[in-house]
Asker: 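Mind having a look at this structure? Questions to follow.
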Amino acid sequence: MKSVLSALLILVSSTAVANPVINQLTERREQIRSWVSLCRENPWQGTFSSTKTHCDHGDLMIFAGLSCMAATLAGDSITSEARCRDIELSQGHDGRWWRGPMHVDTDFEGSSFSRDQFRGIVAYMISYGLLTREPEKNEKARRAMMSWLKYLEQEKGNNMCDDGKGMFSSCHMRGSTLNLTYLVLSALGMESDAKRTLGEDSRLWKKIYGARADHKSLLNELEILFAEKGYPLHLKASSVLFHRLLGYYQHSATAKSRIRHTVKALERKDPGNPLFEFLDKGSSPEVIAKVLQRCPVQAPTGPNDHTDWQWQRDSSEQTWKRANGWDCIYMLNLLIAHQNKRLTWVW
C-alpha cells in the first residue's frame, strides 16, 4: 500500500511540474498567433503566408505541412485545420500537387513543385492519415494520396510535375523521396491498395517498393557531411521528424543508428539552432528557454519585412529578428507535443 501511495505521489508531482510548462508554451503560442502573417487574397483568406502584403506560395507546401503536423500533434486545432487545408487546396483535380493554392492548374514559370515541397504531402499524410482519429479526415487523406499516385503513374518518368527536365528536375523522385512515399503508404496501411491500384507491373510501384530499404544506403549519411548550413539542414531535420513518426527507426538497428548520427551531425553543424537540439534532447529546459527567447510576445521590430522561417537559416544570421511567427507556432507546438508525450523517441 505504501509503495502504491508513493507511486501516486510521484505521478501527481510530475504532472504538477509538467502542466506549468505546457501552460507557458501554450500562452506564448497564442500571443504570437495575434501577430502572425496571413494571406488575405480570396478564395484563400486566412491561408499561410510569409507576408501580409504579398501571397507568395512558392514554399507554402513544406511550411504549411509542417505547421499542420506539429499542430495536430499538439492538439492545436486552430492551426491544424487552417494549415492542413492549405495542403488540400494545393492539389489539383487530377491529383497533382502544386506549390500553393494560387498556382493550381495554372501556367507556372519554373518548377511548379519540388522534392522540398513534397515534404508538405508527407506531413499532411502523417497528420490526417496517421495522427488524427477522425474517419472523415483519414479517408480524405487516403483519397488524396491515391489520387496523387495515379497522377504520378501517368506522368513521364513518374515526375511530380510536368515542367521539369527528367532526372535533373526538382520534381524528379529520388531514392529518399520514394522511400518516404513507401513509409507513408506502409504506415497508413495503404501498401496493398497502392499495389492493386497501380498494378504489379507498374513502373512507379516498382520504384516505390524498391526504395523500401533505403535506410541501408549510406547516401543520406554522406549527404549531411557536405550539406551547407541553412535550408539543406532544415530539410534533413524535417526528415528526422518524419522518420520517427512513421516508425522508420524500427526497421533496423542500422536505421535507428543513422538517424542518431544525422541528429548529432545537425547539432555539430549549427549548435545554435534549437530545432536541431530538440531532435536530440526533446523539450528540455535549455531548449525551451532558447525557443522562448527567439519567439517574443510582440512581433520583432526593424527595417526588414517579417518573411522568414528562422529554423531554416544559419543561426548566426539571427533570422528570428525578421521571422514571420509561424516558425514559432510550429516549434512551440513541437515542444507541447513532446511534453504531452505525443511526440517521443528513445535512443
Side-chain angles (χ1 to χ4, degrees), residues 60-62 64-73 75-77 79-101 104-105 113 115 117-155 158-161 171 173 176-212 214 238-239 241-248 250-251 342-343:
L60 181 141
M61 281 288 288
I62 181 173
L66 290 174
S67 297
C68 161
M69 182 181 72
T72 303
L73 281 165
D76 174 9
S77 59
T79 303
S80 177
E81 292 287 345
R83 301 295 70 85
C84 292
R85 184 169 179 267
D86 289 342
I87 305 299
E88 294 169 357
L89 290 173
S90 299
Q91 188 175 30
H93 68 281
D94 59 354
R96 173 180 177 176
W97 255 293
W98 301 71
R99 286 180 175 271
V104 174
D105 297 330
F113 202 66
R115 288 181 295 273
Q117 304 316 307
F118 159 77
R119 284 169 165 76
I121 299 177
V122 177
Y124 172 77
M125 291 302 158
I126 290 174
S127 302
Y128 274 13
L130 191 61
L131 299 176
T132 301
R133 296 183 178 179
E134 299 178 38
E136 183 179 344
K137 291 180 179 178
N138 293 156
E139 184 58 31
K140 183 186 294 185
R142 293 171 67 89
R143 286 198 307 268
M145 187 67 177
M146 198 61 68
S147 179
W148 182 61
L149 291 177
K150 289 178 181 178
Y151 168 78
L152 294 176
E153 173 69 9
Q154 58 84 37
E155 186 57 40
N158 304 132
N159 279 355
M160 295 181 286
C161 63
C171 280
M173 298 185 76
S176 57
T177 318
L178 292 163
N179 177 252
L180 272 175
T181 302
Y182 177 81
L183 290 175
V184 168
L185 291 172
S186 179
L188 269 60
M190 294 181 62
E191 186 178 348
S192 297
D193 291 341
K195 180 180 179 181
R196 182 172 56 254
T197 300
L198 297 175
E200 291 189 28
D201 295 329
S202 161
R203 184 180 178 186
L204 173 61
W205 173 249
K206 289 179 179 178
K207 288 180 181 179
I208 293 173
Y209 190 72
R212 69 192 184 283
D214 187 59
S238 68
S239 293
L241 278 171
F242 297 156
H243 288 154
R244 282 175 171 162
L245 290 166
L246 293 170
Y248 175 85
Q250 297 173 353
H251 284 225
R342 291 290 311 278
L343 178 60

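Computed from a predicted structure; not experimentally measured. Note that the numbering runs from 1 along the sequence shown for the chain.
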Asker: Working to the nearest 0.5 Å, report the span between SG of C84 and CG of L89.
Answerer: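 CG of L89 is found 11.5 Å from SG of C84.
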
Asker: Any side-chain heavy atom of E88 sitting closer than 4.5 Å to one from K140?
Answerer: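 They are in side-chain contact.
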
Asker: Are E155 and L204 packed together at the side-chain level, in the sense that at least one heavy-atom pair is separated by less than 4.5 angstrom?
Answerer: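 They are not in side-chain contact.
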
Asker: So, for T72 and R342, which heavy atoms are closest and what is the spacing to 0.1 Å?
Answerer: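 In terms of heavy atoms, the two residues are closest at O-NH1, 3.8 Å.
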
Asker: To the nearest 0.5 Å, how far apart are CG in L180 and CG in L185?
Answerer: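 Here the interatomic distance stands at 11.0 Å.
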
Asker: Is any side-chain heavy atom of T181 closer than 4.5 Å to one of F118?
Answerer: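 Yes. Closest side-chain heavy atoms under 4.5 Å.
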
Asker: For residues N159 and F113, determine if any side-chain heavy atom of one lies less than 4.5 Å from a side-chain heavy atom of the other.
Answerer: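 In short, these two side chains do not touch, never coming nearer than 4.5 Å.
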
Asker: Please check if the side chain of W205 supplies one atom and the backbone of E153 the other of a donor-acceptor pair under 3.5 Å.
Answerer: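 Looks like no, no N/O pair under 3.5 Å.
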
Asker: If every non-hydrogen atom of G129 is compared with every non-hydrogen atom of A141, which pair is closest and at what distance?
Answerer: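 Where G129 meets A141 most closely, the heavy atoms are N-CB, 3.8 Å.
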
Asker: Looking only at atom types and distance, does a side-chain atom of T132 sit under 3.5 Å from a main-chain N or O of S127, one as donor and one as acceptor?
Answerer: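 Yes, because the side chain of T132 sits within donor-acceptor range (under 3.5 Å) of the backbone of S127.
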
Asker: What is the minimum heavy-atom distance between L60 and R99, and which atoms define it?
Answerer: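 In terms of heavy atoms, the two residues are closest at CB-O, 3.5 Å.
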
Asker: Quick check: are there more than 12 heavy atoms from other residues, nucleotides or ligands sitting under 6.0 Å from NZ of K137?
Answerer: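 It does: K137 NZ has more than 12 such atoms within range.
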
Asker: Would you give the length of the straight line joining atom CG of N179 to atom CE of M173, rounded to the nearest 0.5 angstrom?
Answerer: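 The CE atom of M173 is 10.5 Å from CG of N179, to the nearest 0.5 Å.
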
Asker: Where do P101 and D86 come nearest, in terms of heavy atoms and distance?
Answerer: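 The pair with the smallest heavy-atom distance is CG-O, 3.9 Å.
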
Asker: Could you walk me through whether M145 and M190 pass side chain to side chain contact (heavy atoms under 4.5 Å, CB included), step by step?
Answerer: CA-CA 9 Å; M145 187 67 177; M190 294 181 62; 4.0 Å; yes

Asker: Please determine whether the number of non-hydrogen atoms from other residues, nucleotides or ligands lying under 6.0 Å from atom CD of Q154 exceeds 12.
Answerer: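 Enclosed: over 12 neighbouring heavy atoms sit under 6.0 Å from CD of Q154.
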
Asker: Could you check if a side-chain atom of I121 sits within less than 4.5 angstrom of a side-chain atom of V184, using non-hydrogen atoms only?
Answerer: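 Sidechains of V184 and I121: no contact.
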
Asker: Quick check: does any side chain N or O of Q117 sit under 3.5 Å from a backbone N or O of I62, one acting as donor and the other as acceptor?
Answerer: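 Checked: pair present.
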
Asker: Using only atom types and a distance under 3.5 Å, with no angle test, would you say the side chain of N138 pairs donor to acceptor with the backbone of Y128?
Answerer: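 Yes, N138 side chain to Y128 backbone: donor-acceptor pair under 3.5 Å.
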
Asker: About how many Å separate OG of S176 and CG of L183, when rounded to the nearest 0.5 Å?
Answerer: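 Between atom CG of L183 and atom OG of S176 there are 11.0 Å.
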
Asker: We want to know whether S239 and R119 form a side-chain donor-acceptor pair, criterion being a heavy-atom distance below 3.5 angstrom.
Answerer: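 On atom types as modelled, these side chains qualify, holding a pair under 3.5 Å.
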
Asker: Could you grab the distance from atom NE2 of H243 to atom OG of S238, nearest 0.5 Å is fine?
Answerer: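 The distance works out to 9.0 Å.
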
Asker: Is the shortest heavy-atom distance from the side chain of Q91 to the side chain of V104 under 4.5 Å?
Answerer: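 With C-beta onward as the side chain, the pair stays apart.
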
Asker: Is the backbone N or O of D193 less than 3.5 Å from a side-chain atom of T197, with the two atoms forming a donor-acceptor pair by type?
Answerer: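 Yes, because the side chain of T197 sits within donor-acceptor range (under 3.5 Å) of the backbone of D193.
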
Asker: Apply side chain to side chain contact (heavy atoms under 4.5 Å, CB included) to residues I126 and L241 and explain how you reach the verdict.
Answerer: CA-CA 11 Å; I126 290 174; L241 278 171; over 6 Å; no

Asker: Nearest 0.5 Å please: distance from the OG atom of S202 over to the NZ atom of K150.
Answerer: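 Going from OG on S202 over to NZ on K150, the span is 12.5 Å.
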
Asker: Determine, step by step, whether M69 and R83 satisfy the side chain to side chain contact (heavy atoms under 4.5 Å, CB included) criterion, reporting the C-alpha distance in whole Å, the side-chain angles of both residues, the deciding distance to 0.1 Å, and the verdict.
Answerer: CA-CA 9 Å; M69 182 181 72; R83 301 295 70 85; over 6 Å; no

Asker: Check for a donor-acceptor pair, side chain of R212 on one end and backbone N or O of Y209 on the other, with a separation under 3.5 Å.
Answerer: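 Yes, R212 side chain to Y209 backbone: donor-acceptor pair under 3.5 Å.
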
Asker: Please name the pair of heavy atoms, one in E200 and one in K206, separated by the smallest distance, quoted to 0.1 Å.
Answerer: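 Reported closest heavy-atom pair: O-CE, 3.5 Å.
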
Asker: Please name the pair of heavy atoms, one in L246 and one in A187, separated by the smallest distance, quoted to 0.1 Å.
Answerer: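 Heavy atoms of L246 and A187 come nearest at CD2-CB, 3.7 Å.
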
Asker: Please report the C-alpha distance between M125 and L130 in whole Å, then the side-chain angles of each, then the deciding distance to 0.1 Å, and finally whether the side chain to side chain contact (heavy atoms under 4.5 Å, CB included) criterion is met.
Answerer: CA-CA 7 Å; M125 291 302 158; L130 191 61; over 6 Å; no

